[in-house]
Each structure stands twice: as C-alpha cells, then as structure tokens.
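Down below is the structure, laid out as structure tokens.
All values below were derived from every heavy atom in this structure, side-chain atoms included, with hydrogens, water molecules and symmetry-related copies excluded. Both ligands and their constituent atoms are indexed starting at 1 by order of listing.
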Amino acid sequence: MLLNILTYAHTLLRESLKEGDIAIDATCGNGHDTLFLSQTVGSAGKVYGFDIQEQAIQKTQEKLQENNCHNVSLIQDSHEKIPEYIKENIFGGAIFNLGYLPKSDKSIITKPHSTLAAIEAILEKLKTKGLIILVIYYGHAGGLEEKEAVLSYTSQLNQKEYQVLQYKFINQQNQAPFLIAIEKKKRS
Ligand code: SAH
C-alpha cells in the first residue's frame with residue numbers, strides 16, 4: 001500500500017532515528033511531529049523544536065504535556081539560528097513542514113533563505129544514515145518560490161555525500177504536498 005506523505009515521513013524517521021538521538025522539528029506548527037520525534041528518541045534522547053509563532057509553541061507545549069513528554073526544548077525563534085541553540089555535535093534527524101500554520105495567518109510562512117540556511121546547518125552535523133525530511137506545501141502565496149529554491153538546492157547536493165529522494169503523487173490536483181528526504185551517506 002502506498003503511504004500518504006505524512007505517514008511516509010514518520011516511517012522514514014522511525015527507521016533512521018535511534019533512542020537517545022538528538023532530533024529537530026524545524027517547524028513545530030501544531031506539534032504533531034514534535035510529539036512523534038519526542039516519543040521516537042525516548043527519554044535518553046532530546047528534541048529541539050523551533051517555531052517563530054507563540055501560538056505554535058503553545059500548542060506544541062500543550063500536546064507534549066498531555067503526553068508526558070519531557071525531552072523537548074521549544075524555541076520561539078527562526079530555525080536558521082539552530083547553531084546558536086543546539087550545541088550537541090551529532091544530530092540524528094530533522095523534519096520541516098513548509099508553508100503556513102493551518103487555520104492561522106497565511107502570511108506567516110517559511111521562506112527560502114531561512115529554510116535553506118537551516119537545512120545547511122543540520123546537514124553539517126547529521127549522523128551517517130541520518131535524514132532530513134522536508135514536507136513541501138506550496139499552494140500558498142510565496143510557496144512556489146520556496147519549492148523551487150528547495151528543489152534546486154537539494155537536487156545539487158553531492159551524490160557522494162547525500163542521497164536525495166522525492167516522494168510525490170503525480171496525479172493529484174491542487175498542489176498537494178510532497179516529500180523530499182535527504183540522507184547523509186557519510187560524515188564529511
Ligand atoms: N503547511 C503545513 C504546516 C506548516 S506549519 C500544513 O498545512 O500542515 C509551518 C510553521 O513554520 C508555522 O507554524 C510557522 O510559524 C513556522 N515558521 C515559519 N517560518 C519559520 C522560521 N523561520 N523558523 C521556524 N519556524 C517557522
């Protein structure tokens with residue numbers, strides 16, 4: 001059976017993340033992925049969750065509390081500042097959900113420059129066989145530019161160091177989201 005985009009994102013991360021890993025939710029949004037990462041790396045691991053909106057951080061905090069998760073640091077700041085906040089040297093994996101927070105201000109969106117800066121910062125410290133998952137929503141104003149920037153950057157990553165997968169349903173209407181997975185083949 002073909003997995004939908006979000007289920008496939010979690011399937012890939014579940015296979016590559018280990019208990020005790022450092023994991024990053026670069027765009028907490030409503031906290032769905034933050035909770036998943038928290039449960040996947042377990043109490044020996046640690047999750048850093050970023051979002052620029054207070055509303056997203058609060059929702060995520062609530063979700064974590066309801067589920068008794070105590071291994072997450074939530075940071076209300078841009079993910080491009082990851083190097084300022086995360087001092088550990090090896091990251092197990094990361095996920096981004098691009099676009100705007102559902103049912104919220106559609107003008108507060110992830111942007112090409114900061115998205116690529118965050119991806120670069122994570123790639124520098126990603127473990128061998130670690131993954132960055134990008135779930136790319138692009139139906140909103142500004143979405144196409146970001147999609148193009150991310151595709152251009154990721155498709156030019158050196159194939160000796162990274163494998164890059166695109167997972168996309170090609171007969172869907174309405175600019176349905178698709179997934180890019182970047183896997184580190186060896187640490188540079
Ligand atoms: N489009 C997805 C959800 C994306 S949520 C869906 O429909 O399910 C994207 C989140 O990224 C928002 O909560 C937004 O506040 C956050 N965000 C935007 N720019 C950011 C940045 N530079 N750093 C961290 N988070 C950011």
| message | I need the single residue from Asp21, Ile24, Ile132 that forms a side-chain contact (heavy atoms from CB on, under 4.5 Å) with Phe91. Which is it? | response | Ile24
Pairs under 3.5 angstrom, nitrogen or oxygen on both sides, ligand 1 versus protein: list them out, please.
residue	atom	partner	partner atom	Å
ligand 1	1 (N)	Leu98	O	3.1
ligand 1	1 (N)	Tyr100	O	3.3
ligand 1	8 (O)	Tyr137	OH	3.3
ligand 1	13 (O)	Asp51	OD1	3.3
ligand 1	13 (O)	Asp51	OD2	2.7
ligand 1	15 (O)	Asp51	OD1	2.6
ligand 1	15 (O)	Gln53	NE2	2.8
ligand 1	22 (N)	Ser78	OG	3.0
ligand 1	22 (N)	His79	NE2	3.4
ligand 1	23 (N)	His79	N	3.0
ligand 1	23 (N)	His79	ND1	3.2

| Distance-only donor-acceptor check, side chains Asn97 and Thr27, under 3.5 Å | no
| said: Nearest 0.5 angstrom please: Leu98 CG to Ile180 CD1, how far? | reply: 10.0 Å
| task | Would you give the length of the straight line joining atom CD1 of Ile95 to atom CG of Asp33, rounded to the nearest 0.5 angstrom? | result | 4.0 Å
| task | Indicate yes or no: at least one non-hydrogen side-chain atom of Phe169 is less than 4.5 angstrom from one of Ile5. | result | yes
| For residues 103-115, which residue pairs qualify under salt bridge (Lys or Arg N to Asp or Glu O under 4.0 Å), counting only residues two or more places apart or in two chains? | none
